[in-house]
Amino acid sequence: MDTAQTDTLRTAHQAFEHFTHGLATGEWQAFLDMLTKDFSFWFPIGPYHGLNTGKARTEAFFQYVSDTFEDGLTVTLDRVMSNETTVVFEFRDEGMMRGQPYKNRVAVAFDVRGDKICAYREYFGSDGKSY
């Protein structure tokens, strides 16, 4: 693995730790601090469906996530794949969604620029056990 890929992986792992902390606790500031000023994200459904840009939209999205999963989510990491600029984390998450049991399988892709995350894409599908 070359130095660029190692640095990308290190930055993405740190961001993923902050991301999972946000999912568990609703505390997103450490993750938000790792985002570039021109950060964008893509989300597959709901009021944030499609491409979203800007810090205000990003902060609103993660508040929406915390409101949706008010007791937080636990995450089990299954695998990580990377290249020089992008790291994909596949994981399972579980918790309560608006008072109902929730389980899902998720893949998130972090695009890395320097020591920051410049883009995020999320993909998910039920594992057949969500209610």
Side-chain angles (χ1 to χ4, degrees):
M1 187 178 310
D2 67 20
T3 303
Q5 190 170 353
T6 300
D7 292 346
T8 294
L9 197 54
R10 183 179 308 113
T11 297
H13 269 285
Q14 182 180 15
F16 188 74
E17 286 178 25
H18 295 319
F19 176 81
T20 58
H21 178 77
L23 288 174
T25 66
E27 298 169 3
W28 292 100
Q29 195 57 54
F31 180 72
L32 294 170
D33 289 345
M34 289 198 70
L35 308 181
T36 62
K37 290 180 182 181
D38 63 343
F39 178 79
S40 64
F41 69 94
W42 185 89
F43 194 70
I45 63 168
Y48 294 90
H49 177 256
L51 183 63
N52 298 266
T53 58
K55 187 172 185 174
R57 185 80 172 155
T58 302
E59 290 174 353
F61 171 71
F62 286 109
Q63 184 60 53
Y64 166 79
V65 170
S66 293
D67 292 345
T68 301
F69 303 102
E70 62 186 27
D71 295 329
L73 290 172
T74 58
V75 170
T76 303
L77 184 61
D78 289 328
R79 67 189 47 84
V80 179
M81 294 152 286
S82 67
N83 63 25
E84 290 79 16
T85 60
T86 302
V87 180
V88 177
F89 297 89
E90 289 185 34
F91 61 93
R92 291 168 281 137
D93 56 9
E94 184 173 351
M96 299 293 281
M97 182 173 78
R98 297 185 181 103
Q100 298 296 314
Y102 173 88
K103 289 183 181 182
N104 211 350
R105 293 187 180 270
V106 181
V108 294
F110 290 164
D111 291 343
V112 178
R113 185 185 319 133
D115 62 350
K116 301 279 188 184
I117 305 301
C118 62
Y120 160 93
R121 291 173 304 284
E122 182 167 335
Y123 310 93
F124 56 82
S126 175
D127 62 4
K129 298 178 183 176
S130 297
Y131 296 95

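Just the heavy atoms: all of them, side chains too, but no hydrogens, waters or symmetry mates, feed the values below.
Connection of Tyr123 to Ile45 is not established within any shared hydrophobic cluster, with ILVMFWY side chains joined at heavy-atom distances below 4.5 Å, either directly or through further cluster members. Cluster annotation: Phe62 and Phe69 are assigned to the same hydrophobic cluster (Ile/Leu/Val/Met/Phe/Trp/Tyr, side-chain heavy-atom contacts under 4.5 Å, transitive). The hydrophobic clustering, which links ILVMFWY residues whose side-chain heavy atoms are closer than 4.5 Å, places Val75 and Val106 together. When hydrophobic clusters are built by joining Ile, Leu, Val, Met, Phe, Trp and Tyr residues whose side-chain heavy atoms come closer than 4.5 Å, directly or via intermediates, Met34 is not grouped with Phe61. Cluster annotation: Ile117 and Leu77 are assigned to the same hydrophobic cluster (Ile/Leu/Val/Met/Phe/Trp/Tyr, side-chain heavy-atom contacts under 4.5 Å, transitive).
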Between Phe43 and Phe124, is the ring pair (Phe, Tyr, Trp, His ring centres under 6.0 Å) condition met? List the steps. CA-CA 9 Å; Phe43 194 70; Phe124 56 82; 5.7 Å; yes

I'd like to know whether Phe31 forms a ring pair (Phe, Tyr, Trp, His ring centres under 6.0 Å) with Phe16, so could you lay out the CA-CA distance, the side-chain angles of the two residues, the decisive distance to 0.1 Å, and finally the verdict. CA-CA 8 Å; Phe31 180 72; Phe16 188 74; 9.3 Å; no

Quick one, Tyr120 with Leu35, criterion side-chain contact (heavy atoms from CB on, under 4.5 Å). Give me CA distance, side-chain angles, the key distance, then yes/no. CA-CA 10 Å; Tyr120 160 93; Leu35 308 181; over 6 Å; no

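Applying the side chain to side chain donor-acceptor pair (under 3.5 Å) test to pairs two or more places apart or on separate chains, those with a residue in residues 39-52 are Asn52-Arg57. Applying the salt bridge (Lys or Arg N to Asp or Glu O under 4.0 Å) test to residues at least two apart or on different chains, none of the pairs has a partner in residues 44-53.
If you take CD on Glu94 and OH on Tyr102, they are separated by 10.5 Å, rounding to the nearest 0.5 Å. Within the model, atoms CH2 of Trp28 and CG of Asp33 stand 13.5 Å from one another, a figure rounded to the nearest 0.5 Å. Taken from CZ in Phe110 to CZ in Arg121, the straight-line distance is 10.5 Å, to the nearest 0.5 Å.
Outside the 6.0 Å centre-distance limit, the rings of Phe19 and Phe89 are not counted as a close aromatic pair.
Defined by atom type and a distance below 3.5 Å, a donor-acceptor pair is missing between the side-chain atoms of Glu84 and Thr8. There is no side-chain donor-acceptor pair under 3.5 Å between Asp115 and Thr11.
By the 4.5 Å heavy-atom criterion applied to side chains, Leu9 and Val80 are counted as neighbours. Between Thr58 and Lys55 there is no side-chain heavy-atom pair separated by less than 4.5 Å. Side-chain contact between Val112 and Thr85 is absent, with no heavy-atom pair separated by less than 4.5 Å.
Using a 4.0 Å cut-off between a side-chain N of Lys or Arg and a carboxylate O of Asp or Glu, Arg105 and Asp78 qualify as a salt bridge. A salt bridge between Lys116 and Asp38 is absent, with no side-chain N of the basic residue lying under 4.0 Å from a carboxylate O of the acidic one.
The hydrophobic cluster around Met81 extends to Val88, counting ILVMFWY residues whose side-chain heavy atoms fall within less than 4.5 Å of a member.
The number of heavy atoms from other shown groups lying within 6.0 Å of CD (Glu122) is above 12.
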